> 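First the structure, which I've put down as structure tokens, then a few questions once you've had a look.
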Amino acid sequence: MNFAVTHSIYMGNVEMPMGGAGATLKVPVGTYEFGANLISSKGDMMIGRITNDGRLTGRVKYDVNEMISAKTQLQLVQDEGQSHVMLDLDFKGKDWNSQAKVGNGGFYGFNYLQSVTPNLALGGETFWLSQAMKSGVGFAARHQGEKHIATAQIATTGLVSLNYAHRLSEKVTLASDFMWNWNTREPAASFGYDYMLRQCRLRGKVDTDGKVGAYLEERVNVGVNFILSAELDHVKKDYKFGFGMTVGE
């Protein structure tokens, strides 16, 4: 068994909607989060987080055997109707995997993915939300080569999603994604990169909304990492910069 505790402090701004077309107000906030992790040598885990405003989140994973795994996720908050619990049961075969989901609010879901060839897998999913009387069906395809992974998804809810990642070398990976909402006729796309160096890792992304982001994590010493991040939204003229440090493995 491995047991660890974490402490996180956040100081920044939260955007609150105001009257008008897309107008927002930045409100300064600060939060403290305490966490505890318990992980076994088999991979079973219990993870919990609690913040100073009373928000509690937790995740439990237990492997029944090599084919069956059970997971629970929960979030408890003071606001009425915002708490939720989700139970997952995962099944894994030699060339297939499936998952059954049950959640509060009358949510039921099931998905299945089958390997058709060593590189190609096809699957589908369905869900039912009894309180809102809504249901949906989706289909997915995944192709994995020696240096690339491509996925495609389409659902009756009106969403079409395409993703592609290509490893140029042991240090450089490029990726892109495209999403189309058939109901609103709104497309969205982004392009990203992941560059691994000996002492640091650089990741970045640019999307069709005009946002440009970058994230740098540098290993200063054993168990000490220095972090720099930035996000530029040229359309909304919203610019964010941050730095941080993590101590401990």
Side-chain angles (χ1 to χ4, degrees), residues 4 6-18 21-35 37 47 49 51-53 55 57 59 73 75 142-153 159-181 184 186-249:
T6 62
H7 305 271
S8 301
I9 298 176
Y10 171 80
M11 293 180 291
N13 296 321
V14 173
E15 294 185 354
M16 304 294 292
M18 297 178 58
T24 59
L25 174 66
K26 290 186 176 181
V27 179
V29 297
T31 59
Y32 166 75
E33 181 185 81
F34 173 79
N37 305 333
I47 299 175
R49 300 287 187 269
T51 61
N52 60 304
D53 58 0
R55 179 171 57 90
T57 59
R59 185 159 61 100
Q73 300 182 61
Q75 175 176 283
R142 183 178 188 269
H143 187 276
Q144 181 173 356
E146 183 179 350
K147 293 186 176 182
H148 77 274
I149 298 176
T151 63
Q153 293 177 292
L159 292 179
V160 178
S161 176
L162 304 173
N163 299 271
Y164 181 79
H166 190 91
R167 189 175 75 251
L168 298 180
S169 66
E170 293 296 329
K171 296 182 178 181
V172 182
T173 300
L174 301 179
S176 62
D177 66 71
F178 173 81
M179 183 172 292
W180 168 262
N181 190 320
T184 61
E186 292 182 355
S190 65
F191 170 80
Y193 60 88
D194 189 343
Y195 189 27
M196 295 287 294
L197 296 173
R198 188 173 64 89
Q199 288 289 111
C200 68
R201 183 178 184 180
L202 177 62
R203 285 168 284 181
K205 187 179 75 168
V206 58
D207 61 27
T208 52
D209 292 332
K211 291 183 180 180
V212 180
Y215 182 89
L216 173 67
E217 183 176 7
E218 182 174 0
R219 191 179 185 89
V220 180
N221 206 332
V222 178
V224 180
N225 294 335
F226 181 67
I227 300 170
L228 288 175
S229 63
E231 183 181 84
L232 312 179
D233 191 335
H234 298 290
V235 177
K236 297 182 179 180
K237 294 182 171 25
D238 185 18
Y239 310 105
K240 300 175 182 178
F241 301 90
F243 65 92
M245 180 170 291
T246 60
V247 179
E249 294 291 348

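Nothing here was measured: the structure is a model prediction, and the numbers come from that model.
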> Can you find a pair of side-chain heavy atoms, one from Glu170 and one from Met196, that are under 4.5 Å apart?
no

> If every non-hydrogen atom of Arg55 is compared with every non-hydrogen atom of Thr57, which pair is closest and at what distance?
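Shortest heavy-atom contact: NH1-CG2, 3.7 Å.
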
> Could you state the interatomic distance from CD (Glu186) to CG (Asn181), rounded to the nearest 0.5 Å?
6.5 Å

> Report yes if the side chains of Asp194 and Arg201 come closer than 4.5 Å at any heavy-atom pair, otherwise no.
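Counting from C-beta outward, Asp194 and Arg201 do come under 4.5 Å.
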
> Quick one: CD1 on Ile149 to OH on Tyr164, what's the gap to the nearest 0.5 Å?
10.0 Å

> Please find the pair of heavy atoms, one from Gly244 and one from Phe226, that lie closest to each other, and give the distance.
O-CD1, 3.4 Å

> Taking all heavy atoms of Tyr215 and all of Ser229, pick out the closest pair and write down the distance.
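That closest heavy-atom pairing would be CD1-CB, 4.0 Å.
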
> Locate the shortest heavy-atom distance separating Phe241 from Ala230; write the atom from each residue and the value.
CD2-CB, 3.6 Å

> Quick check: do Ile227 and Leu216 have side-chain heavy atoms less than 4.5 Å from each other?
no

> Locate the shortest heavy-atom distance separating Cys200 from Glu218; write the atom from each residue and the value.
CB-CA, 3.7 Å

> Measuring from Gln144:CD to Thr151:OG1, what's the distance to the nearest 0.5 Å?
11.0 Å

> Determine yes or no for a side-chain-to-main-chain donor-acceptor pair under 3.5 angstrom, with Asn52 supplying the side chain and Tyr32 the backbone.
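Yes, Asn52 side chain to Tyr32 backbone: donor-acceptor pair under 3.5 Å.
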
> Which pairs count as salt bridge (charged side-chain N to carboxylate O under 4.0 Å, His left out) when at least one residue sits in residues 202-212, sequence neighbours excluded?
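Only Arg203-Glu217 qualify under salt bridge (charged side-chain N to carboxylate O under 4.0 Å, His left out).
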
> Got a sec, which residues hit ring pair (Phe, Tyr, Trp, His ring centres under 6.0 Å) with His143, two or more places apart in sequence or on another chain?
His148

> Any sub-3.5 Å donor-acceptor pair from Asn221's side-chain atoms to Val224's backbone N or O?
no

> Any chance you could measure Leu228, atom CG, to Met245, atom CE, to the nearest 0.5 Å?
10.0 Å

> Can you measure from CG (Leu197) to CG (Leu202) and round to the nearest 0.5 angstrom?
7.5 Å

> When rounded to the nearest 0.5 angstrom, what is the spacing between CE in Met179 and CD in Gln153?
8.0 Å

> By salt bridge (Lys or Arg N to Asp or Glu O under 4.0 Å), which residues pair with Asp238, not counting sequence neighbours?
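Asp238 satisfies salt bridge (Lys or Arg N to Asp or Glu O under 4.0 Å) with Lys26 once adjacent residues are dropped.
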
> Does the side chain of Arg49 come within less than 4.5 Å of Asn37's, by heavy atoms?
yes

> Would you say Phe178 has more than 12 foreign heavy atoms packed within less than 6.0 Å of its CZ?
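It does: Phe178 CZ has more than 12 such atoms within range.
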
> Tell me, do Leu162 and Trp180 make a side-chain contact under 4.5 Å, heavy atoms counted?
no

